[in-house]
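In what follows, chains are A, B, ... by sequence order, proteins preceding strands, each numbered from 1.
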Amino acid sequence: MGCVITGVGAVSAFGVGMGPLLAALAEGMRAVGPIRHFDVTGFPTRVAGEVPVLDIDAGWLSAVGGLPGEHLDALAASGLLRDRKVGFALAAAHEAWRAAGCGDAEREASLVLALGLEQAFLEDFAPLLTPAGKLDFAADAALSAPPVRLRSRVDLAAEWVRRVLDLEGLALVNVSACAAGGLAIAQGAALIERGLASIVLAGGADSMVNPLGLGGMSRLGAPSPRAAPDACRPFDRRRDGLVIGEGAAVFVLESAARAQARGARPLARVLGWGSTQDAYRVTAPRPDGARARLAMQRALTRAGLGPEAIGYINAHGTGTPLNDPAEAQAIASVFPRGVPVSSIKGAVGHLMAAAGALELAACMLPFAEELLPGTANHLERDPACAIDVIGETPRRARIDALMSNSFGFGGQNVAVVLGRA
Amino acid sequence: MRLNGDARVGVRAAGALSRFGLAWRGLGAALAAGEVSPGSGEVALAAADDAGDVKQRRLMSRAARLGAVAARLALREAELPVGTAREDVGTFMGVGASGGEPAQIEALVAASYQDGGFSLARCGHEGLAAATPLLAFQLMNNFTLCHGAILEGVGGVNAALFSRGAGTVLALAEAMAALAHGDCALALAGGADSALHPATRAELEREGHVAGGLMCAEGAGLLLLGPATGARVVIDGCWLWPAAARARGERDAARALDGLGDLALAAERDVGDGFDVVVVTGWGHAAADRLLAVATRLGRRVIDAGAGLGETLAAAPALAWLVALDVLGTTAGDGARALVLSAGCDGALGAVTLQSMAGVAGFMKGA
């Protein structure tokens with residue numbers, strides 16, 4: 001029994017929908033730019049792969065997500081759209097659902113969603129400050145309506161996707177940081193493999209383009225210090241950090257038998273996956289990439305493929321000084337004969353919990369257009385990253401299988417293998 | 001829905017932290033006797049027992065500290081040496097919300113305050129400067145899993161699932177599947193969380209759970225699972241009944257409670273009866289009462305773990321499994337069976353069945 005992808009939805013810095021994402025990647029475009037939806041004047045980081053919408057409200061969801069009107073009032077009243085990833089998740093899930101031709105007969109679907117942190121609304125905390133500079137969490141301002149206050153809840157996006165699509169199956173919320181998106185697709189496929197579901201909505205949504213998310217990452221020193229559109233330069237000799245992105249990607253996964261029975265057209269197959277942990281340091285990946293390598297090898301084993309069968313790797317490729325050489329070393333050791341590699345993070349930023357999902361969505365380009373996405377801002381080869389990095393221009397190639405890597409803060413690693421349908 | 005198919009796993013060791021201390025042995029007896037430890041629901045963590053060193057702890061949320069200690073306890077109990085034996089141990093945990101130190105948020109917000117309100121401009125400069133540069137590490141909830149893995153050298157297949165009940169049961173199912181598939185030979189499974197974080201407590205109050213009798217607490221529970229063959233105690237069933245999509249959401253405590261009654265009846269139909277002990281954990285008196293009503297029909301002896309341990313959110317189901325493990329290991333005979341019913345404030349209901357195996361000498365030493 002195989003697992004196939006029959007629908008994909010995406011929200012990215014290129015806009016809402018798979019169409020804008022794949023068209024922009026096919027053109028070698030990038031969408032990183034100044035943050036617009038809140039005032040970043042005082043912040044050390046001022047660029048991001050920001051989704052081009054200032055305020056997410058019921059009107060936006062109606063216009064771009066095509067969501068049923070009956071839910072919009074409840075959504076608006078809940079206040080949860082303050083957390084941008086909720087809107088992104090809903091828009092991407094709805095696009096995937098429609099693209100796969102799903103309806104009432106598919107409501108038994110399970111949901112596996114990778115989500116980032118709850119969003120803290122720092123402005124809500126200010127009224128809790130006492131004259132002594134302490135936060136009084138027992139104050140009315142903390143305990144009274146509206147229900148979404150101080151911070152959103154991690155699983156709100158999953159709850160509302162379930163509610164809007166009226167799904168009846170299991171709901172898993174994977175919070176494995178930057179590995180979560182890839183793990184969510186793997187877990188969704190595993191539910192099908194284990195016979196626990198015949199159809200699963202799986203993907204990820206995240207936004208850390210908010211004061212605490214952006215500020216917290218800046219304090220860590222993870223983002224590039226340059227407030228420029230080319231701030232993220234994966235595998236480039238001049239790379240100096242990541243760029244935060246936001247958005248979502250959601251897939252309809254189903255058993256090949258189910259897809260065939262209902263006449264759904266497979267877009268790709270989920271062939272295998274593997275995960276490991278670095279178990280190394282909180283603040284850095286293993287320099288030798290040994291555990292990342294093992295995740296890739298396990299994904300190949302599960303897929304029943306040798307390295308020569310993989311025609312393209314969508315790398316984690318954060319553009320940080322430490323990640324890229326470690327990942328390059330891991331790739332080189334698993335694929336000694338070489339394989340084309342690219343990272344889309346220079347174009348759309350690092351979507352954190354949703355990164356793996358959006359990057360797997362980008363992996364539809366090779367199957368749909370026979371184009372391997374390029375690596376925005378990769379201009380100077382780094383001897384420490386001795387792999388075949390595709391430059392800014394997409395490369396034409398027909399491939400039958402590919403791999404996508406995601407490595408999380410904290411050391412969680414996952415590799416997912418997709419095959420041509 | 002039964003999540004584990006025919007897969008069975010053996011329990012090799014366990015680690016627990018609760019308001020009763022840093023041990024899982026004795027929890028069953030204490031709770032069966034109706035004991036409730038004095039004081040708050042806080043885990044008393046002596047310096048000698050704490051996770052990592054001072055520098056490492058600055059990177060940790062409270063839940064991460066509890067989770068790391070639980071991992072150490074379980075691996076130590078299994079006498080699994082540091083090194084290659086641990087490299088491919090899997091880890092599957094239910095984890096809760098972010099748990100940045102309130103003092104850090106206070107410093108950030110206070111320094112961002114200007115002219116009677118919150119100033120974004122000040123936040124970006126003075127506010128961020130007032131907080132530790134490592135704040136983001138405290139906030140990332142996957143670190144509840146990762147700190148333990150790093151400190152203990154655990155590097156296998158893994159997943160951190162958000163949990164207010166159901167996620168922890170799903171984490172166990174994922175661990176059982178990973179073992180059955182051969183992705184790892186051993187796996188840690190459970191959860192760690194703190195409902196004592198003031199932002200979490202405020203959230204639970206706003207949603208009406210505290211008014212429903214929820215007693216905020218903290219804890220961690222991890223099982224080290226391996227092959228069923230030769231194990232003294234096996235887990236042979238794992239079920240989850242998700243809350244109806246429309247019965248969840250903010251301020252839905254009352255509706256979730258109504259739904260729980262239906263789910264408990266479904267559990268009664270699916271898991272069988274005749275259990276030697278049934279352990280229940282609900283998110284408050286009303287939820288527990290609904291589970292207890294079913295539990296008394298399914299087993300000869302019933303223990304309300306939540307009443308004694310308090311609501312530990314992502315940790316609650318795991319701690320209840322350990323209560324059952326303790327009862328099977330200390331008071332029940334060979335072949336005894338235990339059922340754990342766990343209802344989180346997400347409205348879902350989980351069920352896990354454990355059985356002590358006849359003819360295996362030494363509690364959890366035979367695997």
Side-chain angles (χ1 to χ4, degrees), chain A residues 38-43 78 115 117-118 122-123 125-126 129 133-135 137 142-143 147-151 153-155 159 162-163 166-168 170-177 183 187 190 194-196 211 215-220 275-282 291 408-412, chain B residues 1 3 5 59 91 95 97-98 102 105-106 108-110 112-113 117-118 120-125 127-128 131 133-137 139-143 146-147 149-150 153-162 167 170 174 177 198-199 201-203 205-206 240 242 245-246 248-251:
Chain A
F38 70 97
D39 182 5
V40 291
T41 308
F43 282 72
S78 70
L115 293 169
L117 299 174
E118 57 272 64
L122 291 175
E123 64 275 20
F125 286 83
L129 264 184
K134 298 288 180 189
L135 291 169
F137 285 92
L143 303 180
V148 176
R149 195 83 181 150
L150 304 179
R151 64 183 189 187
R153 207 177 64 219
V154 172
D155 61 348
E159 182 179 318
R162 235 180 138 228
R163 186 180 295 201
D166 205 10
L167 305 183
E168 296 169 345
L170 296 171
L172 284 81
V173 175
N174 194 306
V175 291
S176 301
L183 283 169
Q187 284 181 309
R194 281 147 55 191
L196 290 177
M217 294 303 286
S218 298
R219 287 289 276 154
L220 285 181
S275 84
T276 59
Q277 292 194 82
D278 271 6
Y280 179 65
R281 286 183 190 162
V282 173
R291 304 301 293 179
F409 282 110
Q412 293 174 273
Chain B
M1 177 187 292
L3 301 176
L59 306 172
T91 315
V95 304
S98 297
I105 303 293
E106 278 169 0
L108 190 155
V109 174
S112 307
Y113 206 74
F118 180 77
L120 259 182
R122 279 189 65 84
C123 173
H125 201 262
L128 291 176
L134 306 172
L135 177 62
F137 287 129
L139 295 175
M140 290 185 215
N141 47 4
N142 68 312
F143 275 70
C146 295
H147 278 293
I150 291 166
V154 172
V157 58
N158 61 89
L161 302 180
F162 180 72
L170 289 162
E174 291 290 303
R201 191 194 286 256
E203 217 163 69
E205 263 190 63
R206 273 203 310 277
L240 186 82
R246 290 177 190 279
R248 298 184 62 206
E250 303 295 331
R251 292 187 179 280

Flag the one option from [options] with the top tally of heavy-atom pairs under 4.5 Å to chain B.
options                            : result
G408(A), G133(A), A279(A)          : A279(A)
G215(A), G216(A), P211(A), S176(A) : S176(A)
D278(A), L115(A), L129(A), T41(A)  : L129(A)
L196(A), V173(A), V282(A), V40(A)  : V282(A)

Would you give the length of the straight line joining atom [atom1] of [X] to atom [atom2] of [Y], rounded to the nearest 0.5 angstrom?
X       : Y       : atom1 : atom2 : result
L122(A) : I105(B) : CG    : CD1   : 7.0 Å
R219(A) : L135(B) : CZ    : CG    : 9.0 Å
L139(B) : M217(A) : CG    : CE    : 11.0 Å
L117(A) : F162(B) : CG    : CZ    : 11.0 Å
N174(A) : N158(B) : CG    : CG    : 8.5 Å
R206(B) : R153(A) : CZ    : CZ    : 10.0 Å

For [X], is it the side chain, the backbone, both or neither that has a heavy atom under 4.5 Å from a heavy atom of chain A?
X       : value
V95(B)  : side chain
L120(B) : both
L3(B)   : both
L161(B) : both
M1(B)   : side chain

Query raised in the report: Has the side chain of E106(B) got a donor or acceptor atom that lies under 3.5 Å from a matching backbone atom of L135(A)?
Result: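 Answer holds: yes.
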**Report entry** Residue among A177(B), A199(B), A202(B) with most heavy-atom pairs under 4.5 Å to chain A
**Finding:**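 It is A199(B).
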Query raised in the report: What are the two closest non-hydrogen atoms of F409(A) and N142(B), and how far apart are they?
Result: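 Heavy atoms of F409(A) and N142(B) come nearest at O-ND2, 2.9 Å.
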Query raised in the report: How close do P242(B) and R162(A) get, heavy atom to heavy atom, and via which atoms?
Result: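 That closest heavy-atom pairing would be CB-NH2, 3.6 Å.
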